[in-house]
Amino acid sequence: MLSLQFIRENADRVKRDVLLRNTTAPVDRILQLDEERRAILQQVEALRAKRNTVSKAIGATKDAADREVRIVEMRLVGDEIERLDTGLNKIEAELKEKLYEVPNILDPDVPKGPDETSNQLVEVVGDLPRFPFAPRPHWELGEIVGGLDIERGAKMSGSRFYTLRGPLAKLQRALIQFMLNEHGRAGFTEAYLPYMLTEASLYAAGQLPKFRDNLYRDFEEDYYFIPTAEVAFVNLYRDEIIPAGQLPMRFVGHTPCFRREKMSAGRDVRGIKRGHQFEKVEMFVYCEPEQSEAELEALVARARSIPEILGLPYRVLALCSGDIGFNSTKTFDLEIWAPGQGEWLEVSSASNCLDFQAWRANIRYRPGGEQGVRHPHMLNASGLALPRTVIAVMENYQREDGSIEVPEALQPYMGMNVIPAVMA
RNA sequence: GGAGGGGUCGCAUAGUGGUCUAGUGCGCCCGCCUGCUAAGCGGGUUCCGGGGUAACUCGGUCGAGGGUUCAAAUCCCUCCCCCUCCGCCA
């Protein structure tokens with residue numbers, strides 16, 4: 001969230017960015033509540049100060065009658081404090097709730113526009129492959145190489161589930177290993193994380209209350225399934241003060257992700273592009289505010305290195321104000337071309353969230369050689385999302401008979417050069 | 001899941017209703033003293049919020065949240081976490 005102080009001092013900017021995001025947020029109500037809060041706070045704190053002083057005096061008073069007079073007086077003060085406190089609590093509860101609804105401010109570089117049609121194409125890298133035959137979509141290739149089984153996934157778990165077996169299961173694992181190793185080599189610390197988090201953790205990361213409809217949760221206990229590893233990474237340092245000299249901290253981890261995609265039944269139904277459960281390799285950075293712009297560039301470069309090494313054509317988009325995520329001030333998406341289904345697949349989203357999540361999750365750090373504490377900036381980027389990268393490899397490396405070449409970088413992980421066609 | 005023990009300032013500990021403005025030791029920071037170092041001496045050392053240009057000041061903060069009281073680290077209730085043992089188990 002944005003700090004109250006920031007909203008107070010930059011109200012116009014905050015309101016303008018909310019409009020640019022094509023959304024709404026109760027900024028005026030927050031400003032009003034803030035003023036009410038401070039007015040009451042001054043009264044109630046003055047009364048508390050009085051009670052503290054007098055109560056201490058009562059302890060030191062020997063005269064019983066004198067004590068009794070003061071106790072009665074303080075009883076009245078106590079009643080008044082309670083009355084004011086009740087009002088204050090109500091205001092603070094509403095204030096907190098409303099603060100949770102305000103999205104991050106926008107970086108000035110963010111293109112303006114109401115929805116995804118205004119996203120800006122930054123760069124296209126690699127030539128789109130030309131095939132001397134009609135390239136097949138991955139669900140057909142999956143049948144030919146005999147590793148994709150959508151029906152049995154649906155049988156055990158319903159629609160939007162599938163199973164992989166044999167070389168395709170192995171291809172996914174190879175990609176995960178490959179990406180973890182690549183990012184690890186670049187200095188990112190590998191992390192293994194919980195896949196279920198408490199409700200408080202989901203609030204801290206900004207998933208709740210807004211995205212409740214997209215989350216799976218345990219029926220009886222306080223556990224939510226992570227929709228992305230980002231949620232866990234944010235909570236790594238929740239309610240902590242990071243000692244001086246530790247930033248930047250760069251992490252990478254692989255987790256499954258669980259999302260309730262309650263979208264219209266007709267969209268993205270073919271194949272495995274969008275499921276309720278998928279794998280993802282995620283990068284996450286904690287850094288000092290002065291570093292976050294450079295760290296975002298570095299994260300995008302990290303993410304891009306994967307399709308580049310794999311020889312997959314991709315493009316980079318700068319998300320516009322209407323499409324950018326709630327927590328983010330600036331986001332780049334990476335999309336890989338899938339020639340079989342003739343579509344760009346989003347495989348990464350790299351975002352600078354500034355100190356937005358740090359405020360929400362109560363994360364501070366000690367700057368070296370300086371007094372006090374500051375809020376770190378936090379960034380995240382997929383590196384990359386999995387079944388989609390599997391799709392991209394399958395569709396870009398397919399051959400006429402439906403067999404699939406294994407990109408050179410993956411061959412050591414796969415132990416094979418070609419995924420053979422077993423059904424013609 | 002059962003039984004017991006425990007959560008206090010960076011660390012270790014003291015504190016069972018008012019003398020706690022949470023003490024002491026260690027660590028750390030500043031200063032004094034000092035050929036150097038060590039020791040010694042003096043001062044400082046949580047975080048959040050309010051007021052103030054500032055010096056400063058007020059409130060809150062002893063795992064979390066409620067309650068009792070003029071007054072709570074201390075008493076009561078609920079919850080969380082950690083440790084030991086038993087059960088179960090990948």
Side-chain angles (χ1 to χ4, degrees), chain A residues 1-9 30-100 192-204 208 217-224 232 235-247 255-256 355-376:
Chain A
M1 64 185 180
L2 299 172
S3 74
L4 246 187
Q5 192 192 346
F6 184 88
I7 294 175
R8 209 183 285 149
E9 290 169 2
I30 287 170
L31 294 168
Q32 184 194 348
L33 287 167
D34 176 45
E35 285 201 27
E36 289 176 20
R37 170 178 172 271
R38 281 185 291 166
I40 297 178
L41 199 58
Q42 284 174 38
Q43 296 176 50
V44 77
E45 287 191 352
L47 288 175
R48 268 195 231 277
K50 182 177 180 189
R51 184 176 67 181
N52 288 345
T53 314
V54 176
S55 287
K56 197 184 292 179
I58 290 172
T61 302
K62 300 280 185 283
D63 183 345
D66 192 23
R67 281 172 74 107
E68 196 46 47
V69 169
R70 298 212 209 187
I71 286 174
V72 170
E73 188 192 346
M74 283 310 103
R75 200 171 286 152
L76 293 175
V77 170
D79 291 345
E80 180 66 1
I81 289 174
E82 200 179 336
R83 192 183 67 79
L84 290 172
D85 241 356
T86 305
L88 192 61
N89 287 340
K90 249 177 85 180
I91 288 170
E92 290 188 334
E94 188 185 345
L95 196 51
K96 193 174 164 190
E97 183 190 310
K98 295 285 192 285
L99 277 172
Y100 277 154
Y192 171 77
L193 304 160
Y195 303 159
M196 298 187 287
L197 304 182
T198 61
E199 183 166 74
S201 296
L202 274 294
Y203 267 99
L208 288 176
R217 58 181 168 282
D218 183 275
F219 191 71
E220 296 183 303
E221 300 198 69
D222 179 26
Y223 287 127
Y224 286 77
N235 278 281
L236 265 184
Y237 285 90
R238 172 155 62 94
D239 295 323
E240 287 193 45
I241 298 174
I242 299 165
Q246 294 198 4
L247 299 181
T255 69
D355 60 3
F356 190 82
Q357 291 170 313
W359 271 97
R360 198 151 171 145
N362 190 31
I363 299 169
R364 278 80 47 84
Y365 75 97
R366 292 193 194 282
E370 228 183 286
Q371 286 289 304
V373 293
R374 301 176 73 192
H375 290 77

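FYI, side chains are in, hydrogens and waters are out, and symmetry mates aren't considered; it's all heavy atoms of this structure. In this text the structure is predicted, and so the values were computed from the model without any measurement. Throughout, a chain's letter reflects where its sequence line sits, starting with A, and its residues are numbered from 1.
Atom CG of residue A/Leu197 and atom CZ of residue A/Arg217 lie 14.5 Å apart, to the nearest 0.5 angstrom. With rounding to the nearest 0.5 Å, the separation of CG in A/Asn362 from CG in A/Asp239 is 4.5 Å. Interatomic distance, A/Asn235 CG to A/Gln357 CD, rounded to the nearest 0.5 Å: 9.5 Å.
B/rA73 is unpaired under the criterion used here, namely a Watson-Crick or G-U wobble arrangement in which both key atom distances are under 3.5 Å. With a cut-off of 3.5 Å on both pairing distances, the Watson-Crick or G-U wobble partner of B/rU24 is B/rA12. B/rG1 is paired with B/rC86 under the Watson-Crick or G-U wobble criterion, all donor-acceptor distances under 3.5 Å. The partner of B/rG40, taking Watson-Crick or G-U wobble pairs whose two distances both stay under 3.5 Å, is B/rC32.
Taking atom P in both B/rG65 and B/rU74, one finds a spacing of 13 Å when rounded to whole Å. Taking atom P in both B/rG52 and B/rU45, one finds a spacing of 25 Å when rounded to whole Å. B/rA73 and B/rU16 have their P atoms separated by 13 Å, with the value rounded to a whole Å. One P atom belongs to B/rG6, the other to B/rC75, and the distance between them is 12 Å to the nearest Å. A distance of about 27 Å separates the C1' atoms of B/rU57 and B/rU8, rounded to the whole Å. The P atoms of B/rG27 and B/rC80 are separated by 40 Å, rounded to the nearest whole Å. Atom C1' of B/rA54 sits at a distance of 26 Å from the matching atom of B/rU61, rounded to the whole Å. B/rA72 and B/rG51 have their P atoms separated by 25 Å, given to the nearest Å.
Within residues 30-50 of chain A, the residues that have a heavy atom under 4.0 Å from RNA chain B are, in order of number, A/Arg37, A/Arg38, A/Leu41, A/Gln42, A/Glu45, A/Arg48, A/Ala49. Interface residues of residues 74-93 of chain A facing RNA chain B, ordered by number: A/Met74, A/Arg75; criterion, heavy-atom separation under 4.0 Å.
The side-chain contact (heavy atoms from CB on, under 4.5 Å) test applied to A/Ala93 returns no partner, not counting sequence neighbours. Residues meeting the side chain to side chain donor-acceptor pair (under 3.5 Å) test with A/Arg38, sequence neighbours left out: A/Asp34. For A/Glu35, there are no salt bridge (charged side-chain N to carboxylate O under 4.0 Å, His left out) partners, not counting sequence neighbours. Applying the ring-ring contact (aromatic ring centres under 6.0 Å, His included) criterion to A/Tyr237, with sequence neighbours excluded, gives A/Tyr286. Legend: residues meeting salt bridge (charged side-chain N to carboxylate O under 4.0 Å, His left out) with A/Arg366, ordered by chain and number and at least two apart, are absent. For A/Gln32, the side-chain contact (heavy atoms from CB on, under 4.5 Å) test picks out A/Arg29, A/Glu36, with sequence neighbours left out. Under the rule for a ring-ring contact (aromatic ring centres under 6.0 Å, His included), A/Phe6 has no partner lying at least two apart in sequence or in another chain. Residues satisfying the ring-ring contact (aromatic ring centres under 6.0 Å, His included) test with A/Phe356, not counting sequence neighbours, are A/Phe326.
Within 4.0 Å of A/Asn362, counting heavy atoms only, lies no atom of the nucleic acid at all. A/Arg8 comes within 4.0 angstrom of the backbone, heavy atoms only, and of no base. Within 4.0 Å of A/Val54, counting heavy atoms only, lies no atom of the nucleic acid at all. A/Arg67 comes within 4.0 angstrom of a base, heavy atoms only.
Below 30°, between 30° and 60°, or above 60°: for A/Tyr100 and A/Tyr203 the angle between ring planes is between 30° and 60°, a tilted geometry.
When the nearest nucleotides of RNA chain B are assigned to A/Lys56 and A/Trp359 by heavy-atom distance, the more 5′-ward of the two goes with A/Lys56. Comparing A/Ile71 and A/His375 by the nucleotide of RNA chain B whose heavy atom lies nearest to each, the residue mapping closer to the 5' end is A/His375.
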Which donor-acceptor pairs under 3.5 Å do side chains of residues 44-59 of chain A form with protein atoms, sequence neighbours excluded?
| from | atom 1 | to | atom 2 | distance (Å) |
| --- | --- | --- | --- | --- |
| A/Arg48 | NH2 | A/Asp85 | OD1 | 3.2 |
| A/Arg48 | NH2 | A/Asp85 | OD2 | 3.0 |
| A/Asn52 | ND2 | A/Arg48 | O | 3.4 |
| A/Thr53 | OG1 | A/Ala49 | O | 2.7 |
| A/Ser55 | OG | A/Arg51 | O | 2.9 |

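When RNA chain B is scanned 5' to 3' for any atom under 4.0 Å from a heavy atom of chain A, the first and last hits are B/rG18 to B/rA71.
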